[in-house]
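Since the structure comes first, as structure tokens, the remarks are kept for the end.
Sequential numbering from 1 along the given sequence is applied to the chain's residues.
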Amino acid sequence: MQHNRLVAQHIDKLRKDVDAATSQDELLEVITQVKHHPGPLDYRDKITHGIKWLLVTASVLCIILIFMRLGYDEIEMLAKLIIDDSCYWLPVALSTLLVSFCHERGWLPVPMPVNFALLVAAMVAVTLYVPEWPKIYWALMYGFGYVISVGEIDDHQFSLWFVLVIASSLTWVWLDYRANWRKHLSDKIFLRDALFNNGLKETKLAAEDKASALEKQFAEFRRGNGTRDIQQMFEGHYQGEQHSFSYKLYHFQYTVKRSQTSSDGNGGYKTKTVYEDRHRYGILLDFPFTKGLCIDAEDEVKLKGSVYAEKYHTESNAFNDIFRVQACDKLTAARFLTPAMIETLLDLNRHFISPMVEISPQGRLCIASTSKLIIEKRKHSLVKPDEFYQEIAGHTELVRVQRLLEVIHDLMRLSDNNFASDTRFISDTHKAANLTAVTQATPIKDTENNTHACS
């Protein structure tokens, strides 16, 4: 286990070097370190793998024996060993996993063989001096299964099987993660390199970047009826032919909570609460050309009672079939949605799922969709450091990010002159018709949420 402690320290050092990297060259240096590392980088987990297979075998046999022991007396001895006597062997097995985890982190200075011997001795002492231990064990087992399954499991044998499944699954995942640490670290190196290549850097959330603050500006962040959280945020700067701007990319997660009714198997029904996590990906930036406009390709966000009090329809049936448009006033929508702008937004919908373009009353732009923005995957890993080095030394283009930035540049390019003066707005028959409709529209009514928001 001293070996594993050294491996854990070496891998932790490599991870910290990746997190601290500020350039592609520093990431390449980490790859070189892995290739020529002087110390061990692979865990020795024979004991832990043995316990893993013990738990897996016990979970399989347990579910079989629970049913077979009811009709086959000849398997009673095996069932007693696996199920009834689990109060003696299972605590030792689980404690060994816990002790191994703690020992590698330096929390337990005693050598692992001595720790294991002490665990066995402790179990023997409990068996001899605590005769009520089996009853205590099964009471704990029953309570754990009942609570975790929310009352679905009320039998102590099935509770044991449930615990075995959870323990074996967690152990399997833990060992797999340890064995494949190179692949996981390669993912992090590849992402950071892609960010460097595209002028992006991950940033910590400021107060104004949290979901609770963003939902006060944008309807986009009022989705769901459960928790809302910004998972990641990246900062960048775009330099176009006509416009340049700073922006933030984000990953937004929200929860939809609903009640689900199903049969209870006895002629009745039972209701349970189901939680579904959903994800949106988007960009935030200042947009000084207009404000108070929401263009949405889906109907999940409820805009009734929001600052966007006026509905608007363009002359494009194709556009109207996909997007709903609401604004602080129809004049803003009419001036923004020129034929060229409509075609740009239709193209956005062709490349991104359920897009939403929202310009807040404060003049901030948010474009979001359910399409991931960073989808590029690495071809190699630290398993083959030479090939991975060559891949990282090259250039990774974030295609969707660049496409979205080009769309934003088009929005700016098509808006900068269109909002310069009222006289330039009436430049063709389409615009004149829209303006006539606007001048005949009823003025918007202020509500609690939109009073002076769009002024």
Side-chain angles (χ1 to χ4, degrees), residues 208 211-223 245 280 282-316 319-320 322-342 344-345 348-349 354-369 407-408 410-427 430-455:
E208 64 271 16
S212 57
L214 291 172
E215 69 181 41
K216 296 177 181 178
Q217 298 183 53
F218 299 100
E220 165 66 30
F221 296 95
R222 299 170 198 154
R223 297 174 182 270
F245 51 88
R280 298 276 289 178
I283 188 168
L284 296 165
L285 66 145
D286 291 330
F287 195 80
F289 305 103
T290 189
K291 59 184 179 180
L293 182 64
C294 183
I295 305 169
D296 189 10
E298 65 175 5
D299 197 25
E300 183 180 0
V301 179
K302 304 304 179 184
L303 297 178
K304 185 177 180 180
S306 70
V307 295
Y308 311 114
E310 294 285 356
K311 295 182 179 180
Y312 181 79
H313 294 278
T314 71
E315 293 182 352
S316 170
F319 182 88
N320 295 335
I322 296 173
F323 292 99
R324 62 169 177 166
V325 180
Q326 289 189 222
C328 286
D329 60 80
K330 290 185 177 181
L331 178 61
T332 297
R335 296 169 68 186
F336 185 80
L337 291 170
T338 62
M341 185 69 76
I342 287 174
T344 298
L345 294 174
L348 174 69
N349 183 68
S354 301
M356 182 170 179
V357 178
E358 184 177 2
I359 306 171
S360 73
Q362 295 79 26
R364 292 275 291 167
L365 171 66
C366 174
I367 300 183
S369 75
V407 168
I408 294 171
D410 286 340
L411 297 186
M412 291 184 170
R413 179 178 57 81
L414 295 172
S415 299
D416 53 5
N417 291 328
N418 196 37
F419 285 86
S421 66
D422 291 339
T423 57
R424 301 190 65 174
F425 164 65
I426 311 176
S427 58
H430 170 80
K431 296 177 183 178
N434 282 340
L435 183 59
T436 302
V438 170
T439 56
Q440 297 174 353
T442 303
I444 64 171
K445 297 179 180 180
D446 284 344
T447 66
E448 181 182 353
N449 292 327
N450 70 11
T451 302
H452 306 300
C454 299
S455 58

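Across every non-hydrogen atom of E220 and C366, the tightest pair is CG-SG, 4.1 Å. Across all non-hydrogen atoms, the minimal contact from T332 to G292 is CG2-O, 4.5 Å. The minimum heavy-atom distance between I408 and F245, with the atom names listed, is CG2-CZ, 3.6 Å. The nearest pair of heavy atoms linking A333 to A327 is CB-CB, 4.2 Å. Between S360 and F218 the shortest heavy-atom distance is CB-CE2, 3.7 Å. The minimum heavy-atom distance linking M356 with R280 is given by the pair CB-NH2, 3.7 Å.
Rounding to the nearest 0.5 angstrom, the gap separating the CD1 atom in I342 from the CD1 atom in I322 is 11.5 Å. Atom CG of L365 sits about 9.5 Å away from atom OG of S415, to the nearest 0.5 Å. For the atom pair L345 CG and L414 CG, the distance stands at 9.0 Å (nearest 0.5 Å). Between D410 atom CG and L348 atom CG the span is 10.5 Å, to the nearest 0.5 Å. Taken to the nearest 0.5 Å, the CG atom of L331 stands 9.5 Å off from the OH atom of Y312.
By the 4.5 Å heavy-atom criterion applied to side chains, L284 and E208 are not counted as neighbours. Put simply, the side chain of L293 does not reach to within 4.5 Å of the side chain of V357, judged on heavy atoms.
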- Message: Please determine whether side-chain contact (heavy atoms from CB on, under 4.5 Å) holds for the pair V307 and K291, giving the CA-CA distance in whole Å, both sets of side-chain angles, and the decisive distance to 0.1 Å.
- Response: CA-CA 11 Å; V307 295; K291 59 184 179 180; over 6 Å; no
- Under the side-chain contact (heavy atoms from CB on, under 4.5 Å) criterion, do I295 and L337 qualify, and how do the steps go? CA-CA 10 Å; I295 305 169; L337 291 170; 3.9 Å; yes
- Do V325 and H313 pass the side-chain contact (heavy atoms from CB on, under 4.5 Å) test, and can you show the C-alpha distance, the side-chain angles, and the key distance before you say yes or no? CA-CA 7 Å; V325 180; H313 294 278; over 6 Å; no
- Task: Show your reasoning for whether side-chain contact (heavy atoms from CB on, under 4.5 Å) applies to M412 and L285.
- Result: CA-CA 12 Å; M412 291 184 170; L285 66 145; 3.5 Å; yes
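Counting only distance, with no hydrogens or angles, the side chain of E310 and the backbone of K330 share no donor-acceptor pair below 3.5 Å. Within the 3.5 Å criterion, the main-chain N or O of G363 finds no donor-acceptor partner in the side chain of D286. Looking at R324, its side chain never comes within 3.5 Å of a backbone N or O of D296 through a donor-acceptor pair.
Residues satisfying the ring pair (Phe, Tyr, Trp, His ring centres under 6.0 Å) test with F319, not counting sequence neighbours, are F323. With sequence neighbours left out, the ring pair (Phe, Tyr, Trp, His ring centres under 6.0 Å) criterion links F287 to F289. With sequence neighbours excluded, no residue satisfies salt bridge (charged side-chain N to carboxylate O under 4.0 Å, His left out) with E358.
Salt bridge R223/E298: present, at least one basic N to carboxylate O contact under 4.0 Å.
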